[in-house]
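Report on the structure given below.
In what follows, chains carry the letters A, B, and so on, assigned in the order in which the sequence lines appear, proteins first and then strands, with residues in each chain numbered from 1.
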There are 2 protein chains.
Amino acid sequence: MSTPGRGLHGHVLDTLGPAITAGEYPPGSVLRTDELAQHFEVSRSVMREAVRVLESMHLVESRRRVGVTVRPKAEWNVYDPQVIRWRLAGTDRPHQLRSLTVLRSAVEPAAAGLAAQHATAEQCAELTECALGMVANSRGHKLQEYLVHDIAFHRVILAASGNEMFARLGDVVAEVLAGRTHHEVMFEDPDPAAVTLHVQVAEAVRAGDAARARELTREITVGALQELDILAP
Amino acid sequence: MSTPGRGLHGHVLDTLGPAITAGEYPPGSVLRTDELAQHFEVSRSVMREAVRVLESMHLVESRRRVGVTVRPKAEWNVYDPQVIRWRLAGTDRPHQLRSLTVLRSAVEPAAAGLAAQHATAEQCAELTECALGMVANSRGHKLQEYLVHDIAFHRVILAASGNEMFARLGDVVAEVLAGRTHHEVMFEDPDPAAVTLHVQVAEAVRAGDAARARELTREITVGALQELDILAP
DNA sequence: CACACTTGAATTAGTCGTACGTAATGGGTT
DNA sequence: AACCCATTACGTACGACTAATTCAAGTGTG
């Protein structure tokens, strides 16, 4: 996806990361660097680098004479894109999807409101372009093309907000939207109401109507939440 | 603060991290592992581990034949608590503080609303206790004691929301609140109106009134934003 | 002559193995 | 119960080698 297999330590992480985030090692479990190195058939140096990365994500803690202990879920850096990807690929995917969607429903309306105030002319143009792309692909099982424009739309909103914390959630939203299309039940064409809402948000942002942009985006996220409730009540 | 100097590579990070996030190395700058190792008087192994951590934070990118290149700010993992701390300690502290406060104003009202629905009896008790603690220390220049209860209050709200993404912002909010008291202008006692709002939020959560909890918390965050505008218009 | 392509040398990170340092643990002794 | 010491696994250092990428010189071609 992003940077796969950028070295041996990356390969180790691609296996260990998902395993830990999936809860295969319960909190408090101890792993030994040497054993792991043997298991993955890499040198201790490489394994140590991998452990350092896991440590920086607060997934594990390395202590002398003890080993590498898995930290409780509540301490993980759940905003790390890598961790998010690992968890979305694992078993608690539904739970993770819900958490992220709730986050979206808090952040995106606020971002849309700010976007209405700060969006450049270029961003407004991008936005309407995305919205039109969504409309054009909203019928006839062109889910892939629709998704591309949907993701781009939300990215632009978050970026146009002018707040870097919001902007950096673009990747997260992209993962959620992509996940919904690829893994969840989405045989049919997208909800026409949702498509209309996106068009209206683009209009509101262009018009500089923050309150309207915020409210319309809130409706979009409410729809996303309801969708989850239908799939996993 | 959290885990200072947990090894040599930690010491290196404590210096390199702040330097990079402060923009001392413009995007695209190239650092050489060997040179860095010499500069910090550590072995290449240690330096490599440090680089791996910086890489996992998307602060730098390591490529063969090139070196360790600093990535543009837009690609940093700005939600990493470590990165947040480094940036709050650096030069763009005001900018960072504003970004985080805007984030708070989006997240905390939503979290308070959910808390009103999901808070346990114990969490409600903690909340009122924190609110009372704030009241008790709101006069007489007892800023330190006030801060402790203020932080605890917001932590409980975020945790009681039942959403792990919200909950993990507790540390961020704590940094922001602590920063406001310690670095920004806050000679006088806290705004009585804000104290009252906290008490009312606690009541609303206890009463299970989500809309009221959300609205009151929104007022708190609006106050925080206005405070920033006064300090840095 | 200008341009594109090939080749090879230089450079820097990547990997490995070993040796030794060091702190935390657990058991044994006083 | 307090203390001491051996064990253990991580921490650090060093050196040698590998491999990938860049850059430039050289070559061929239009």
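- Across all their heavy atoms, B:Asp150 and B:Met134 have their closest contact at OD1-CE, 3.5 Å.
- In terms of modelled atom types and a separation under 3.5 Å, the side chain of B:Glu75 and the main chain of B:Pro72 share no donor-acceptor contact.
- Rounded to whole angstrom, the span from the CD atom of B:Gln38 across to the P atom of D:dA13 amounts to 13 Å.
- Side-chain N/O atoms of B:Arg48 include one lying less than 4.0 angstrom from OP1 or OP2 on C:dG14.
- In terms of heavy-atom proximity, A:Ala167 sits nearest to A:Ala159 at CB-CA, 4.1 Å.
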>> Within the 4.0 Å limit for protein heavy atoms, which parts of nucleotides 18-23 of chain C are touched? Write it as a string from 5' to 3', B for base, S for sugar-phosphate only, - for none.
In response: -B-BBS
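- C:dA13 atom C1' lies 13 Å from atom CD of B:Glu35, rounded to whole Å.
- Atom P of nucleotide C:dA13 and atom CG of B:Leu54 are separated by 14 Å, given to the nearest angstrom.
- In this structure, B:His154 and B:His198 have perpendicular ring planes: the angle between them is above 60°, well past the 30° mark.
- The residue among A:Val46 and B:Val68 whose nearest nucleotide of DNA chain C is located toward the 5' end is B:Val68.
- The distance between atom NE2 of A:His9 and atom P of D:dA19, rounded to the nearest whole Å, is 19 Å.
- Under a 4.0 Å N-O distance rule, the pair A:Arg6/B:Glu55 does not qualify as a salt bridge.
- Straight-line distance from the CD atom of B:Glu61 to the C1' atom of C:dA13: 13 Å, rounded to whole Å.
- For B:Ser43 and D:dC14, the shortest distance from a side-chain N or O to OP1 or OP2 is not below 4.0 Å.
- B:Glu49 has its CD atom 14 Å from the C1' atom of C:dT15, to the nearest Å.
- A:Leu36 comes within 4.0 angstrom of nothing in the nucleic acid, heavy atoms only.
- At whole-Å resolution of the value, CZ in B:Arg6 and P in D:dA9 are 24 Å apart.
- When side chains are defined from C-beta on, A:Asn77 counts as touching B:Arg168, because their heavy atoms get closer than 4.5 Å.
- A pairwise comparison of heavy atoms in A:His58 and A:Trp76 identifies O-CD1, 3.3 Å as the closest pair.
- Distance, A:Met47 CE to D:dA9 P: 16 Å, rounded to whole Å.
- Between B:Leu31 and A:Glu41, the residue anchored nearer the 5' end of DNA chain C, judged by the nucleotide with its closest heavy atom, is B:Leu31.
- Put simply, B:Arg63 has a side-chain N or O that comes within less than 4.0 Å of OP1 or OP2 on D:dT22.
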